[in-house]
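The structure under discussion appears below in the form of structure tokens.
These figures come from a predicted structure and were not determined experimentally.
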Amino acid sequence: MAVGSFEQHGGHLPLVTDTVVAEVIAQRLAERYGLFRLPPVTMSCSHEHEGYPGTVSLSASTLIAIIRDVRASLAEVHTNTCLVLVNGHGGNYVLSNIAQEANLIGPSVALFPGRQDVDVAREAAGMESTASEDMHAGEWETSILLHAYPELVRPSYKEADYEAPERPYFHLTGMAGYSKTGVIGYPSKATAEKGARALDSLTASFRGLFDLLVAD
């Protein structure tokens with residue numbers, strides 16, 4: 001199940017960017033590994049983007065409740081089912097807590113992609129920036145949308161770079177403390193080809209997690 005967000009992504013990407021990215025990844029995984037794909041969660045914990053027009057957030061407790069209810073509903077019919085959460089929004093820290101708590105009695109909730117999966121994918125794609133430098137609406141997200149849904153990317157991405165490599169008080173100030181435009185990263189470096197290679201890498205990287213989930 002894709003977990004996205006509804007939040008600002010500068011002037012060149014849509015509010016639904018995180019949901020679209022997560023859904024593209026989820027679709028690839030479902031097709032490659034024969035998984036059942038649920039509809040996405042389209043709003044989540046975007047409080048660090050409050051103050052930018054269009055952003056809508058859920059509380060962490062609400063997101064926890066949504067996933068709890070989805071798991072309970074699945075369990076009514078499908079026993080021993082593992083739920084894979086494909087997270088498209090870095091601010092959904094609570095998903096790690098959900099997964100860790102759920103997995104105390106055995107594999108039940110998986111979270112993908114992890115930091116290492118993204119790092120490997122960025123390298124495979126030939127991206128010029130790091131994940132830390134390219135935090136939001138940058139080379140990574142813009143490349144994936146240029147590949148999957150180019151009509152959602154405005155031409156202004158070529159001039160939308162914004163640098164804020166050091167963000168020591170981000171939890172306190174949110175995006176507004178470090179970016180005037182809502183962008184932190186280098187969308188100008190994005191290409192559709194990089195997006196395609198990143199998705200190929202993520203699809204391949206999921207194999208290790210998948211094997212753990214289906215192991216006897």
Shortest non-hydrogen separation from His89 to Ser44 and the atoms involved: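 Closest pair (atom of His89, atom of Ser44, distance): CD2-OG, 3.7 Å.
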Residues in ring-ring contact (aromatic ring centres under 6.0 Å, His included) contact with Phe112, at least two apart in sequence or another chain: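 Testing Phe112 for ring-ring contact (aromatic ring centres under 6.0 Å, His included), a comparison that skips the adjacent residues, returns Phe206.
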Check: [X] side chain, [Y] main-chain N or O, donor-acceptor pair, under 3.5 Å:
X	Y	result
Ser57	Ser46	yes
Arg167	Ser132	yes
Arg122	Ala198	no
Thr142	Gly138	yes
Asn103	Ala99	yes

Give the cluster check for [X] versus [Y]: same hydrophobic cluster or not, with ILVMFWY residues linked at side-chain heavy-atom distances below 4.5 Å.
X	Y	answer
Leu83	Ile98	yes
Leu29	Leu95	yes
Leu202	Tyr33	yes
Tyr162	Leu13	no
Val3	Val56	yes

Rounded at 0.5 Å granularity, tell me how far [atom1] in [X] sits from [atom2] in [Y].
X	Y	atom1	atom2	result
Asp18	Glu141	CG	CD	5.0 Å
Glu23	Thr42	CD	OG1	10.0 Å
Ile184	His136	CD1	NE2	8.0 Å
Ile66	Ser61	CD1	OG	9.5 Å
Leu74	Leu38	CG	CG	5.5 Å

My understanding is that only residues two or more places apart in sequence, or in another chain, count here; which of them pass salt bridge (Lys or Arg N to Asp or Glu O under 4.0 Å) with Glu48? none
Side-chain heavy atoms of Val41 within contact of Met1, under 4.5 Å: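 Side-chain contact under 4.5 Å: yes.
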Does the side chain of Glu133 reach to within under 4.5 Å of the side chain of Tyr186, using non-hydrogen atoms? yes
In terms of heavy-atom contacts, does CD1 of Ile105 have more than 12 from other residues, nucleotides or ligands at under 6.0 Å? no
Should we count CZ of Phe170 as having more than 12 external heavy atoms under 6.0 Å?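 Yes, because the 6.0 Å sphere around CZ of Phe170 holds more than 12 heavy atoms from other groups.
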Name each donor-acceptor pair under 3.5 Å that joins a side chain in residues 187-194 to protein atoms two or more places apart or in another chain, with its distance.
{"unit_1": "Ser188", "atom_1": "OG", "unit_2": "Asp161", "atom_2": "OD1", "d": "3.1"}
{"unit_1": "Ser188", "atom_1": "OG", "unit_2": "Asp161", "atom_2": "OD2", "d": "2.6"}
{"unit_1": "Lys189", "atom_1": "NZ", "unit_2": "Glu128", "atom_2": "OE1", "d": "3.4"}
{"unit_1": "Thr191", "atom_1": "OG1", "unit_2": "Lys194", "atom_2": "N", "d": "3.0"}
{"unit_1": "Lys194", "atom_1": "NZ", "unit_2": "Glu128", "atom_2": "OE2", "d": "3.4"}
{"unit_1": "Lys194", "atom_1": "NZ", "unit_2": "Glu139", "atom_2": "OE2", "d": "2.7"}
{"unit_1": "Lys194", "atom_1": "NZ", "unit_2": "Lys189", "atom_2": "O", "d": "2.7"}

